[in-house]
Participant: 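The structure under discussion is supplied below as structure tokens; questions concerning it will follow.
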Amino acid sequence: MHHPTTNVLLIEDNLGDADLVRLRLVEGKFPVNVNCVNRLSDGLEFLARETPSVVLLDLNLPDSHGAETFRRVIDRAPNVPVVVLSGQDDEVLAMKAVHHGVQDYLIKGDISSRQLERAIRYAVERQALLHSLAITQKQQLEFKNRFLSHVSHELRTPLTCIHQFVTLLVDGLAGPLSPDQSDHLKTVLKSVNQLHAMIRDLLEATRAESGKMRIEPRCVALGELVQQTIAMMRPTASAKKIGLEIGVDQRLPLVHADPDRVLEVLINLVDNAIKFTATEGSVMVQASLVDADPGYVYISVSDTGRGIGPEAKALIFERLYQDPDSVDNNRSGLGLGLFICKEIVRLHEGRIWVTSELGHGSTFTFTLPTYSLAKLLAPVITYQDRLRQSFVLVKVELTPLSVPPRGNWKETWQQCLEILRRCVYLDKDLVLPPMETLGASETFFVVASTDMPRSGTMTTRVREQLERVVDLKAKCTLSITTVPVEVPVPIADASLAEQVQSVAACVTQLILTCREREQLAIASDNKLSS
Amino acid sequence: MPRPKILVVDDDSDLVRALRLRLRANNYEVTTASDGYAAIACAQREHPSLIILDLGLPVGDGFVVLDRLQNSDTLAGIPVIVLSARDPQTNEERALKAGATAFFQKPADNEELLNVIRASLGPGAAPPAAAAAWPS
């Protein structure tokens, strides 16, 4: 039977030992080709260029010792079997090596050429088996995720049919209904909505697990999102006579986050809090900065519910974990909510955890990165005397002419943002990432360090460039407003960093005030038109 | 004044029946097609004011229809609302780029769907006769 040549990489610094090993190998029954190097670095370089069938490794080399040697080889070539040839009979080190993925640990001088050959052959076999196992596992995971996506897609069709016809009946479009009939159908509708939520969760969780969940971060004012959550959850809370309270720091900085996803997390947590709290309890949502961790905003949802025991606490963020005795047993869903929250928070580089004691309520806390205006402003404010210059805040707002907008609105505003970025000077101005949308408009802010004449020319230039976008006038209205930033006079010995912080804080406040005003305007517009 | 005509394109006959009832109750006239090619032919024949389009059609899928509509002089101005069971994360942007006005995932909220239909048909959706007022 023909055997293919085994390509051996021998990493051994002792020339005598190397010759012996080479001899043993050549004496064997099957053809071998031996490459020998004397330093680990040469061995690693070889592995970067070629893939041998096996690596024979001495652990004590001029440029590496002991466990570090095999660790570095395995890191470099995780799929190549490694057999350690050691001068010392060290049981502990041998076990460590095997745990780390080394296939065998042989004592030099203690092995015959038959044994060496067999050790190599079996090492190659085992590595191949491990590799195909890993591939199978990966395929199974992919299959499972594709299957779950497919299932959740297919379930939508019959669900849609049920939803459509039940709503037709409930809305009286097939004739009048008796109160009982209406009632029963509304009960069906509740279950339909539950099914819909489960299918959505299933798809989300599958996406999260296969790494396909995407977030689109913007500059977000958390206060707005918390208000939205409370408004949406109020009916559910009132039905159980549970009070909803908000405690959001007035001076909270903007966060860099995907507003839709963060809203999802907030709604999930508040919904859970309500579920696990008995009537006349209360739920509080707070958002604040923590001195010990200045780069993040801490958001917490606390309830006066039954609390969570230590065993449950360890499992609660896993998929499909459901507390066996939630207060409302028929609203438990699939148990994916907290898993999805964990993934969303992780994608934002935040953390999420729970503190709770049985009988004393629970508090779920998660963190989101602040949008560090100060850090981004620093390059724009590098000299002390720069701070004597004034700053202006320029607001560029694009409002689509029709709702829904015609054509590809996202492409249009992204194009405008690109143009805006190219209009400003990197060392004088800062373009913030897009804000969370209010109404249908996209808003971009620019902080420009300037004196008034220059800001005038910048505004003109921005307008000219934007107006050149093809068809822009047919798609939206453009509004550019400029507001001076009133920075308090710096104290005599305030450091540059402190002064940068002070400008950042002023700008943030201006932005938040501006958005509050816009929100009120939209709210009153809505009242007028309804 | 004639009622606006909506073309509903979907191969799910039950859903089409339910949609037709609901749209008629909201004072729209309804015509239907159950595959991509029939949809284009119907659009050319009947000049609907709006099209509700499923993506998973048996012959000539929704994207083919969107493409044909965009490339037709007479049909390109008709607003198209995609109503599909497919995942918006992988389909919404593509549909909007292909000319759709909006993307709804089934089952859609009836109120929201009707609002978007109204807005797409209403005066705000028509291209402005004169240039928009730019602040000076």
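Below, read A as the first sequence line, B as the second, and so on, with proteins coming before strands; counting in each chain starts at 1. Reckoned from all heavy atoms, side chains included, excluding hydrogens, waters and symmetry mates.
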Participant: With chain A as the partner, which of B:Asn110, B:Asn115, B:Val116 has the greatest number of non-hydrogen pairs under 4.5 Å?
Facilitator: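 Most pairs with chain A among the choices: B:Asn110.
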Participant: Select one option (side chain, backbone, both, neither) describing which atoms of B:Ala108 are under 4.5 Å from chain A's heavy atoms.
Facilitator: backbone
Participant: With side chains defined as the heavy atoms from C-beta onward, is the minimum distance between A:His163 and B:Lys106 less than 4.5 Å?
Facilitator: no
Participant: Could you look at B:Asp14 and say if it's the side chain, the backbone, both or neither that has a heavy atom under 4.5 Å from chain A?
Facilitator: both
Participant: Could you check whether any side-chain heavy atom of A:Leu173 comes within less than 4.5 Å of a side-chain heavy atom of B:Leu21, counting everything from C-beta outward?
Facilitator: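 No; the side chains remain at least 4.5 Å from each other.
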Participant: Minimum heavy-atom separation for A:Gln164 to B:Leu15, with atom names?
Facilitator: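 Taking A:Gln164 first and B:Leu15 second, the nearest heavy atoms are CG-CD1, 3.4 Å.
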Participant: Check whether A:His153 gets within reach of chain B through its side chain, its backbone, both or neither, counting any heavy atom under 4.5 Å.
Facilitator: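 The answer is both parts of A:His153.
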Participant: Measure distances from A:Arg207 to the heavy atoms of chain B and classify the residue's part below 4.5 Å as side chain, backbone, both or neither.
Facilitator: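 Interface part for A:Arg207: side chain.
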Participant: For the candidates B:Arg22, B:Gln70, B:Arg86, which exhibits the highest count of non-hydrogen atom pairs separated by less than 4.5 Å from chain A?
Facilitator: B:Arg22
Participant: Under a 4.5 Å cutoff for heavy-atom pairs, which residue among A:Leu168, A:Asp171, A:Thr157, A:Val192 has the most contacts with chain B?
Facilitator: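 With the most close heavy-atom pairs to chain B, the winner is A:Leu168.
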Participant: Between the main-chain N or O of B:Gln105 and the side-chain N or O of A:Arg156, is there a donor-acceptor pair closer than 3.5 Å?
Facilitator: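 Here the side-chain-to-backbone pair does not exist.
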Participant: Using a 6.0 Å cut-off, check whether atom NZ of A:Lys144 has over 12 heavy atoms from anything other than its own residue.
Facilitator: yes
Participant: Measuring heavy-atom distances to chain B, does A:Leu203 have an atom under 4.5 Å in its side chain, in its backbone, in both, or in neither?
Facilitator: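 For A:Leu203, the contact with chain B is made by the side chain alone.
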Participant: Is chain A contacted by the side chain of B:Arg24, its backbone, both, or neither, given a heavy-atom distance below 4.5 Å?
Facilitator: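 Neither; nothing under 4.5 Å.
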Participant: More than 12 heavy atoms of other residues, nucleotides or ligands under 6.0 Å from CD of A:Gln465: yes or no?
Facilitator: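 Buried by this count: over 12 neighbours within 6.0 Å.
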Participant: What are the two closest heavy atoms between A:Thr160 and B:Pro107, and how far apart are they?
Facilitator: OG1-N, 3.5 Å
Participant: Could you tell me the separation between the CD atom of B:Gln89 and the CZ atom of A:Arg214, rounded to the nearest 0.5 Å?
Facilitator: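 B:Gln89 CD to A:Arg214 CZ: 4.5 Å, rounded to 0.5 Å.
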